[in-house]
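Reckoned from all heavy atoms, side chains included, excluding hydrogens, waters and symmetry mates.
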Amino acid sequence: MSTVAIPTLETERLLLRGPEPEDYPDFKATFTSYRARFMGGPLNAYESWMLYAAEIGHWAIRGFGMWMIHDRHSGETYGMAGGWKPAKWPEAEIAWVIWPDAAGRGIALEATDAARRYLYRVMGWETAVSYLDPKNLDSIRLAERLGAVKDHAAATIDGSDAVYRHPAPERLVDTQLAHGIEMEISHYRDPLFKPKGWALD
């Protein structure tokens, strides 16, 4: 059986680890809920189980995948972030999902920034996209805060999604964009910080 060693990524608040069977209940609760309306859901119990099995298997097939986002102190799970390229995806995607109770704390921003840096610096990705539902304004705003811009020329999955192109790796090294992302993440790490006018995730 082929296995891949899934790295653990660390930030000041978070640990990103490979998906494990014990993480499934939180995944199922989210993907069978209204929260999953922009990700093909809500799913039934069987569909959510199959999707979670795909999350685990994706690492073995592609050599990269989605990390489960954990609080580095309590171990609580907050969602997932990472790379995603199932069959029929035109390009490798950077994707994220946050459990409903964890929204509003900048967790998606912090986790996705860490995942993207790994995919660029270690995996050697030179570009990446995010396929977003045009009605999912929170995810679109998050993509824009990460420096992604709408790519009208890029192939879509099925014609109904918007494609956001992430900045090239060199734009995230000691640039105004990189400093701005880090500054926003540092604000969210402050327990007294109250964001105004920003997407919640």
Side-chain angles (χ1 to χ4, degrees), residues 19 23-24 26-59 61-69 78-104 106-113 115-116 119-120 123 125-169 171-172 177 181 197-201:
D23 300 319
Y24 175 62
D26 287 329
F27 181 93
K28 178 184 177 183
T30 294
F31 276 86
T32 56
S33 75
Y34 185 65
R35 179 77 167 176
R37 67 195 183 280
F38 297 126
M39 298 170 285
L43 306 180
N44 62 39
Y46 175 74
E47 290 168 334
S48 69
W49 189 92
M50 290 291 287
L51 181 57
Y52 194 67
E55 298 281 4
I56 295 174
H58 191 284
W59 279 98
I61 295 170
R62 296 291 196 202
F64 64 88
M66 298 282 282
W67 284 272
M68 190 66 63
I69 305 167
Y78 292 142
M80 302 185 80
W84 186 241
K85 194 179 186 298
K88 297 186 178 181
W89 251 234
E91 298 186 54
E93 178 181 15
I94 291 174
W96 58 86
V97 57
I98 298 298
W99 310 155
D101 292 344
I107 291 167
L109 179 69
E110 186 168 340
T112 305
D113 177 63
R116 183 172 66 181
L119 293 168
Y120 277 0
M123 299 296 295
W125 288 22
E126 296 182 355
T127 188
V129 298
S130 290
Y131 297 106
L132 304 176
D133 188 307
K135 298 183 293 295
N136 189 353
L137 299 182
D138 282 354
S139 283
I140 288 172
R141 292 182 186 121
L142 177 59
E144 291 172 342
R145 287 152 61 206
L146 287 162
V149 297
K150 193 170 184 179
D151 186 344
H152 297 276
T156 68
I157 298 169
D158 60 12
S160 66
D161 48 296
V163 184
Y164 277 76
R165 175 80 52 190
H166 287 264
R171 287 202 58 222
L172 297 171
L177 173 61
I181 293 170
W198 292 95
L200 292 180
D201 286 350

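Within the model, atoms CG of Leu51 and CZ of Phe31 stand 5.5 Å from one another, a figure rounded to the nearest 0.5 Å. Rounded to the nearest 0.5 angstrom, Leu132 CG and Asp138 CG are separated by 11.0 Å. Note that CG of Asp158 is 6.0 Å distant from OG1 of Thr156, once rounded to the nearest 0.5 Å. Here the CZ-CG distance, from Arg141 to Leu137, works out to 5.0 Å after rounding to the nearest 0.5 Å. One distance of note links CE of Met80 with CZ of Phe27; it measures 6.0 Å at 0.5 Å rounding.
Nearest heavy-atom pair across Pro90 and Ile157 is CD-CG1, 4.1 Å. Residues Met68 and Asp23 come closest through the heavy atom pair CE-CB, 3.5 Å. Between Pro134 and Asp161, the shortest heavy-atom contact is CD-CA, 4.3 Å. Looking at every heavy atom in both residues, Tyr120 comes nearest to Ala168 through CE2-C, 4.0 Å. Considering all non-hydrogen atoms of both residues, Met123 and Gly63 come closest at CE-O, 3.7 Å. Across Gly82 and Met66, no two heavy atoms sit closer than the pair N-SD, 3.4 Å.
Of the possible donor and acceptor atoms, none in the side chain of Glu110 sits under 3.5 Å from a partner among the backbone N and O of Ile107.
Between Phe64 and His58, the two ring planes are perpendicular [angle over 60°; tilted spans 30° to 60°].
Counted within 6.0 Å of CZ on Arg62, heavy atoms from surrounding residues, nucleotides or ligands total more than 12; the atom is thus considered enclosed. The local environment of CH2 in Trp49 is sparse, with at most 12 non-hydrogen atoms from other residues, nucleotides or ligands closer than 6.0 Å.
Residues meeting the salt bridge (charged side-chain N to carboxylate O under 4.0 Å, His left out) test with Asp26, sequence neighbours left out: none. In this view, Trp99 satisfies the ring-ring contact (aromatic ring centres under 6.0 Å, His included) rule with no residue, not counting sequence neighbours.
Counting heavy atoms from C-beta outward, Leu109 and Asp113 have side chains that stay 4.5 Å or more apart. A 4.5 Å side-chain heavy-atom check between Leu146 and Ile94 finds every atom pair outside the cut-off. Within the 4.5 Å cutoff, the side chain of Trp125 has no heavy atoms near those of the His166 side chain. Side chains of Ser48 and Tyr24 form a contact here, defined as non-hydrogen atoms less than 4.5 Å apart. Between Ser139 and Tyr164, the closest side-chain pair of non-hydrogen atoms is not below 4.5 Å.
Identified under the salt bridge (charged side-chain N to carboxylate O under 4.0 Å, His left out) test for residues 82-101, with sequence neighbours left out: Glu91-Arg165.
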